[in-house]
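Working notes for the structure below.
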Amino acid sequence: MFYWVVKAILGPVLAVLWQPRAEGVENVPRRGPAIMVSNHLSFSDHFFGPLPLPRKITFLAKSEYFTGTGVKGLLSRAFFTGVGQIPIDRSGGKASEAALRTGLRVLKRGDLLGIYPEGTRSPDGKLYRGRTGVARLALESKAPVVPMAMINLEKIMPPGRTVPKLGVRPKVKFGKPLDFSRYEGMETDPRVLRAVTDEIMYALMELSGQEYVDRYAQSIKAELEAEAKEARREQHADDKDRRRAERDRRKEERRARREEKRAARGEGGGDAKE
């Protein structure tokens, strides 16, 4: 119920402020389970993706949205819980298996399940390699997979920005459902899982127009964070060197002034004796 209340309130606001567009809504099944796979550009994907659909999408959301502290954490937890989003632990192993089972329960109910195969937001607007959990969900549930491409969302609320930017018109494109019934019974084959996942990512690439990078976004983020840390370290070292150089310069100036004063006193004393 809360989901539809939030949508009824936010929908008109988003429509007025950003005038979002949608294509291919007819490709989303009107009833029955389906896996809505999306690229992940921004926090606002959660709002604009489901907006044009008459059905609710239950997303598997990162657990950090439910574990924050303070007022922001409370609001985030209340919102994501209220709209029916499900927290998942992305640490891998047993946590990944639990997330899979949770997703299968949503599909068994006949609902739409939303998932971001990249596993995290794109750090630079490119499309990155998908994780094979989405393939396992598709093969085990036998549900159709509907690509859902977000366009321009990274310009509204890029990583690190807390206030959405106006003047950008977002777009959501829904592709034709993908059928993987030809792989039935092969959900434990790693090569099949990778093939299915790559086909899904290719469909997203065609819809979104993004440049594809055959690497995991998480590893790119780690590299960027390491580079930023190194840059801060070098900047800190440069600042220390500049401060040291400035201290040495001031010290040299004080020494020079003292020498000048001593020389002046010596010259003055000689005049008095004459």
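Residues take their numbers from the sequence shown, with the count starting at 1.
- Inter-residue side-chain proximity for Pro117 and Met201 is flagged as met; some heavy-atom pair is nearer than 4.5 Å.
- In the displayed structure, Arg31 atom CZ is contacted under 6.0 Å by at most 12 heavy atoms of other residues, nucleotides or ligands.
- Residues Val16 and Val6 fall into different hydrophobic clusters, defined by Ile, Leu, Val, Met, Phe, Trp and Tyr side chains chained together at heavy-atom separations under 4.5 Å.
- Atom CZ of Arg191 has 12 or fewer heavy atoms from other residues, nucleotides or ligands within 6.0 Å.
- A 4.5 Å side-chain heavy-atom check between Glu26 and Phe174 finds every atom pair outside the cut-off.
- Between the NZ atom in Lys171 and the CD atom in Gln19 there is a gap of 14.0 Å [rounded to 0.5 Å].
- Between atom CE of residue Met36 and atom CG of residue Leu113 there is a gap of 10.0 Å, rounded to the nearest 0.5 Å.
- Within the model, atoms NZ of Lys108 and CD of Glu140 stand 12.5 Å from one another, a figure rounded to the nearest 0.5 Å.
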> Could you go step by step and tell me if Val5 and Tyr3 meet the side chain to side chain contact (heavy atoms under 4.5 Å, CB included) rule?
Replying inline: CA-CA 5 Å; Val5 172; Tyr3 177 90; over 6 Å; no
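- The two residues Leu224 and Pro123 make their nearest non-hydrogen contact at CD1-CB, 3.8 Å.
- Scanning all heavy atoms of the two residues, the minimum distance from Gly175 to Asn27 falls at O-CB, 3.1 Å.
- Hydrophobic clustering (ILVMFWY, side-chain heavy atoms < 4.5 Å, transitive): Leu51 and Leu207 are in distinct clusters.
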> What's the verdict on side chain to side chain contact (heavy atoms under 4.5 Å, CB included) for Ile156 and Asn152, showing C-alpha distance, side-chain angles and the deciding distance?
Replying inline: CA-CA 7 Å; Ile156 292 179; Asn152 281 343; 5.9 Å; no
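- Separating the OG atom in Ser44 from the CD atom in Glu154 is a distance of 9.0 Å, to the nearest 0.5 Å.
- Residue Ile151 shares its hydrophobic cluster (ILVMFWY side chains chained together at separations under 4.5 Å) with no other residue.
- The side-chain heavy atoms of Lys261 and Arg258, taken from C-beta on, include no pair separated by under 4.5 Å.
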>> Walk me through whether Met157 and Lys165 qualify under side chain to side chain contact (heavy atoms under 4.5 Å, CB included).
In response: CA-CA 6 Å; Met157 203 168 180; Lys165 183 180 179 181; over 6 Å; no
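- We find that Glu225 and Lys229 are not joined by a salt bridge, their nearest charged nitrogen and carboxylate oxygen being 4.0 Å or further apart.
- At a threshold of 4.5 Å between non-hydrogen side-chain atoms, the residues Leu17 and Leu166 count as touching.
- No more than 12 heavy atoms of other residues, nucleotides or ligands lie within 6.0 Å of CD in Glu184, so this atom counts as exposed by the packing criterion.
- Under the 4.0 Å criterion applied to side-chain N and carboxylate O atoms, Glu223 and Arg215 are assigned as salt-bridge partners.
- Between Pro54 and Trp4, the closest heavy-atom pair is O-CH2, 3.4 Å.
- Closest heavy-atom contact between Ala15 and Pro20: CA-CD, 3.7 Å.
- Not one N or O on the side chain of Trp18 forms a donor-acceptor pair closer than 3.5 Å with the backbone of Phe48.
- At a threshold of 4.5 Å between non-hydrogen side-chain atoms, the residues His236 and Arg233 do not count as touching.
- Note: the hydrophobic cluster containing Val213 does not contain Tyr202 (ILVMFWY, side chain heavy atoms under 4.5 Å, direct or indirect links).
- Remark: the backbone N or O of Ser122 is not paired with any side-chain donor or acceptor of Lys221 at under 3.5 angstrom.
- A salt bridge links Asp198 and Arg194; the closest N-O separation between the charged side-chain nitrogens and carboxylate oxygens is under 4.0 Å.
- Taking each heavy atom of Pro33 and Leu107 in turn, the nearest pair found is CB-O, 3.2 Å.
- When all heavy atoms are compared, the tightest approach of Met148 to Gly49 is SD-O, 4.1 Å.
- Using a 4.5 Å cut-off between side-chain heavy atoms of Ile, Leu, Val, Met, Phe, Trp and Tyr, with links allowed through other members, Leu41 and Ile220 fall into different hydrophobic clusters.
- A salt bridge is absent between Glu252 and Arg249: the closest approach of a Lys/Arg side-chain nitrogen to an acidic carboxylate oxygen does not fall below 4.0 angstrom.
- Within the 3.5 Å criterion, the main-chain N or O of Gln218 finds no donor-acceptor partner in the side chain of Thr120.
- A donor-acceptor contact shorter than 3.5 Å is absent between the side chain of Asp189 and the backbone of Met186.
- When atom types are taken as modelled, the side chain of Arg121 and the backbone of Glu118 share no donor-acceptor pair closer than 3.5 angstrom.
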List the atom pairs, donor and acceptor, that lie under 3.5 Å between side-chain atoms in residues 125-135 and the rest of the protein, sequence neighbours left out.
residue : atom : partner : partner atom : Å
Tyr128  : OH   : Asp124  : OD1          : 3.1
Tyr128  : OH   : Asp124  : OD2          : 2.7
Arg129  : NE   : Asp214  : OD1          : 3.2
Arg129  : NH1  : Tyr216  : OH           : 3.4

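- Looking at Leu139 and Leu193, their side chains come closer than 4.5 Å, going by heavy atoms from C-beta outward.
- Separating the OG atom in Ser141 from the CZ atom in Arg105 is a distance of 14.0 Å, to the nearest 0.5 Å.
- Applying the side-chain contact (heavy atoms from CB on, under 4.5 Å) test between Ile115 and each of Val145, Thr58, Ile200, Ile35 identifies Ile35 as the sole match.
- The CG atom of Leu100 lies 5.0 Å from the CG atom of Leu137; values are rounded to the nearest 0.5 Å.
- Glu199 and Arg182 are joined by a salt bridge, as a carboxylate oxygen and a charged side-chain nitrogen come within less than 4.0 angstrom of each other.
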> Which is it for Arg136 and Glu97 under the side chain to side chain contact (heavy atoms under 4.5 Å, CB included) test, yes or no, and what are the steps along the way?
Replying inline: CA-CA 10 Å; Arg136 284 193 61 191; Glu97 189 66 25; 3.1 Å; yes
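- Under the 30°/60° scheme for interplanar angles, the aromatic rings of Tyr116 and His40 are found to lie parallel.
- In this structure, the side chains of Val172 and Glu23 stay at 4.5 Å or more apart for every pair of heavy atoms.
- Between Arg55 and Pro29, some side-chain heavy-atom pair lies under the 4.5 Å cut-off.
- The pair Arg250-Glu246 meets the salt-bridge criterion, since a charged nitrogen lies less than 4.0 angstrom from a carboxylate oxygen.
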